[in-house]
K.L.:
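Got a structure for you, written out below as structure tokens; questions coming shortly.
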Amino acid sequence: MIHTVIHSSARDVAEAVALFLAECLQEDPGLVLGLPTGRTPVPMYRALVRLHRQGHADFSSATTFNLDEFVGLPAGHPGSYRAFMQRHLFAHVNLNSAQTHLPHGGAANPRAEAARYDAAIGAAGGLDIAILGIGANGHIGFNEPAASLPARTNVVALRPGTRAANAAAFGGRASRVPVRAISMGVGTILSARHVLLLATGADKADIVAKALRGPVTTRVPASLLQLHPRAAVVLDRAAAKKLTSYC
Ligand code: PGA
């Protein structure tokens, strides 16, 4: 069973995970981290920035690989995940910019870019810790529910609900959200030595219960974490509330 930690609030989830990561960086400054975007990790990044300013989180030797990026946005587009990471983390900590990686969404050949990205993760020695959010439909990275899932980093089509969930950075218009993304594959994610999934808020309660207590299925991509030997899920009470009743 996946190791599950439940905190009383989303803020406590953020603080606990940030502290854990700061401690991991103290033990192994050269960590290779897989990083998420979205609403959930924002307070965690805020806490990490604060820990960095207080001298408790040193990123100078760390390497980061984000889980995904939209296809087709020009460099510097405010809706890109590169821009998100710049705003929430990269601009505020001592990460070497050459060590921060996201797929190049503007690449002329997105498939070739996906293969290059996967190879770059391998060349860095793989991910030490993959930090994940979970989509309301159970996606991890941008691996949407399907009959089968790409093992390695690939070009994926985004579901309408996923595009709607990302509309805020596109003037509130889901139609402006790109239809494709480059996402780490589920095999790439599950090859991480540790996987840490964060979920907060009542709107994640159903999918969290399905992913943790339901069958392992590509129809709920996060359920594949049940196969990982060192996966942990960190929840607030609202996101955990369906866990006990689920069978
Ligand atoms: P959210 O997204 O944190 O914005 O809910 C999570 C995800 O889609 O992986």
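For ligands, and for the atoms within them, numbers begin at 1 and follow the listed sequence. Residue numbers run from 1 in the order of the sequence given.
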K.L.:
At what distance is the nearest protein heavy atom to atom 6 (C) of ligand 1, and which residue and atom is it?
P.N.:
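Protein heavy atom at minimum distance: Ile134 O, 3.5 Å.
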
K.L.:
Under the criterion side-chain contact (heavy atoms from CB on, under 4.5 Å), which of Ile182, Val155, Val156, Asn154 is the partner of Phe142?
P.N.:
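Of all the options given, the one that passes is Val156.
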
K.L.:
Applying a strict under-4.5 Å side-chain criterion to I, L, V, M, F, W and Y, I'd like to know whether Ile2 and Leu196 cluster together.
P.N.:
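Cluster IDs for Ile2 and Leu196 differ.
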
K.L.:
Look at atom 5 (O) of ligand 1 and say which protein heavy atom is nearest, naming residue and atom and giving the distance to 0.1 Å.
P.N.:
Lys204 NZ, 2.6 Å

K.L.:
Please report whether the ring centroid of Tyr81 lies less than 6.0 Å from that of His88.
P.N.:
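No - the distance between ring centres of His88 and Tyr81 does not fall below the 6.0 Å cut-off.
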
K.L.:
What atoms of ligand 1 come closer than 4.0 angstrom to any heavy atom of Arg39?
P.N.:
1 (P), 3 (O), 4 (O), 5 (O)

K.L.:
What atoms of ligand 1 come within less than 4.0 Å of a heavy atom belonging to Gly135?
P.N.:
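Near Gly135, meaning under 4.0 Å from one of its heavy atoms, ligand 1 has 7 (C), 8 (O), 9 (O).
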
K.L.:
For Arg152, is the CZ atom crowded, meaning more than 12 foreign heavy atoms sit under 6.0 Å from it?
P.N.:
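Yes - once you tally the heavy atoms of other residues, nucleotides and ligands closer than 6.0 Å, there are more than 12.
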
K.L.:
Could you check atom 7 (C) of ligand 1 against the protein and tell me its nearest heavy-atom contact, residue, atom and distance included?
P.N.:
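Looking at atom 7 (C) of ligand 1, the protein heavy atom closest to it is His139 NE2, 3.4 Å.
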
K.L.:
Any idea which protein heavy atom is nearest atom 3 (O) of ligand 1, and the distance to it?
P.N.:
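That would be Thr40 OG1, 2.4 Å.
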
K.L.:
Cut-off 3.5 Å, side chains only: do Thr153 and Arg116 have a donor facing an acceptor?
P.N.:
no

